[in-house]
Amino acid sequence: MQRLNASTTPVSTLQHHRSLGAPGIVHLGLGNFHRAHQAVHTARALEHTEGPWAIVGVANSSATIAEAMREQDMRYGVVEISPERTEIGVPAVHSDVLVAAQQPDAVLDALSAHETRIVTLTITEKGYSYSPRTKSLDLDDPGIRADLAGGAPRTTIGRLARALQRRATTHASPVAILSCDNLTGNGELTGRLVREFAEALPAAEREDLLAYLRGSVSFPNGMVDRIVPATTDAYRQAVADRLGLRDEAPVPAEPFSMWVLEDHFAAGRPAWEHGGVTFTDDVEPYELMKLRLLNGTHSLIAYLGALDGCDLIADAIARPHIAEAARRLMRADYLPTLTMPADIDFEDYSAQLFTRWSNSALGHRTRQVGSDGSTKLAQRVPEPAALHLKAGRVPQHLALSVAAYLRCTTAPETTEHTAAMVDPAAEALRTARENASSTREFVATALRDGLLGDELAAHQEFQARVAELVDVLSAHGVAAATEEALQANG
Ligand code: CS2
């Protein structure tokens, strides 16, 4: 079978038909999400308005995708899939791909190039080298320490700061740095972390950088949304069946996609408003709505589902007790903490989420959403929980989310799906569990060690409720725990 490449791509699948302009965007994190989200919105924008916005994609350490893309002239299929239909699109917006671990100098060159006007990031919550407790740069992180000392940068924050330093000395154009990760105030946070890195440099190294940061770099906030599972052979097969071509780097995605941005680009941007992007002065309502109603509820569905033996998010949400817990979490615990964006109705949005989670053709696994909970929950639970606790109410389904996470992490043997979850905090949590003489003591230790910030760590009633729900989960299972949370919720 012929390989997908520039000469074999069927014209009908191309998402834009123009020749690529100069590489104005460098993207760090060449994973599936970027390739099915930003790449697609950018292709649609370029289809409308041409511009110097080809993307140089940078993989962090694995060369697999970069090599496949190189062999395919940067082409790959986005397999949009739902129970009703499967459609393949080829964004064709990348002009080059690099692998940071193998080509650190080439990456720094690309980031500091005069023609680079936007740097975008999908490096996941754990890629930002910050402490969830202080929300500041983690100066104890070995990668940050090494990057501050000099040499080829290992962390993204270090890499950005060194590239900006070079831009400052070569008087390069201004640049926008755009985080596309699920973090509250993702632009502001990225800007703060880069500044903190700069401030920690020796005086002689930092002045030009700080001045350039003040005058020439913007960090727009943005909300990104598209459910994008990991690639499996089924998607390679889908391309082969539909296009008659071999694609070694396809990306599966749901049909839905949303991107909301602040229009705060220091050196221009693609005509993304023609590529399905919403621009607004105030991203926060969109961001909090999405982080809580979608991502927060997603976590609960993933943990309860995996504990209950479900491989897929769609299987989990099909179970009435899990669906009811998700509904309660959204309505009773998250909704009161949100100001919904003026153009979005809660009922419509939550009904749409249930349809999206129920997409059984997508194959989105509980283990994928359930992994890295220690970095994800910090964005999804503490702030809304604190708002309820201040008002004197224990948010039952937020407590259930934390309990289900702790159960998955400390009893991985429960099912093959909990066993497959990975988490940077797993070992520490398992040790804390083994050393504690009661569940209550374990939960107190886990929270005190900074899992969800200081506020929840100090709240006895919340801790007690989490501990009770962990015990119900372990003694009686998921259905009993959801019933218990429901009863207490009144
Ligand atoms: C998910 C997200 O894995 C997770 O934690 O909640 O990746 C989710 O699928 C995306 O944010 C959807 O936009």
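Nothing here was measured: the structure is a model prediction, and the numbers come from that model. Order of listing sets the numbers, starting from 1, for every ligand and every atom in it.
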Looking at T366 and C310, would you say the former's side chain and the latter's main chain have a donor-acceptor pair under 3.5 Å? yes

Would you check if L389 and E455 make a side-chain contact, meaning some heavy-atom pair closer than 4.5 Å? no

Report the relative orientation of the aromatic rings in F354 and W357; use parallel for angles under 30°, tilted for 30 to 60°, perpendicular for over 60°. perpendicular

Solution key, residues 270-278 side-chain donor-acceptor pairs under 3.5 Å, sequence neighbours excluded:
| residue | atom | partner | partner atom | Å |
| --- | --- | --- | --- | --- |
| W272 | NE1 | T42 | OG1 | 3.0 |
| E273 | OE1 | R269 | NH1 | 2.8 |

Quick one: table the atom pairs, ligand 1 N or O against protein N or O, below 3.5 Å, distance rounded to 0.1 Å.
| residue | atom | partner | partner atom | Å |
| --- | --- | --- | --- | --- |
| ligand 1 | 3 (O) | K376 | NZ | 2.9 |
| ligand 1 | 5 (O) | K376 | NZ | 2.9 |
| ligand 1 | 5 (O) | R380 | NH1 | 3.1 |
| ligand 1 | 5 (O) | R380 | NH2 | 2.9 |
| ligand 1 | 6 (O) | N295 | ND2 | 3.0 |
| ligand 1 | 6 (O) | H298 | ND1 | 2.8 |
| ligand 1 | 11 (O) | N182 | ND2 | 2.9 |
| ligand 1 | 11 (O) | K290 | NZ | 2.6 |
| ligand 1 | 11 (O) | N295 | ND2 | 2.9 |
| ligand 1 | 13 (O) | D225 | OD1 | 2.6 |
| ligand 1 | 13 (O) | R226 | N | 2.9 |
| ligand 1 | 13 (O) | R226 | O | 3.4 |
| ligand 1 | 13 (O) | K290 | NZ | 3.1 |

So, do R35 and P91 sit near enough that their side-chain heavy atoms are less than 4.5 Å apart? no

Would you say the ring centers of H94 and H34 fall short of 6.0 Å from each other? yes

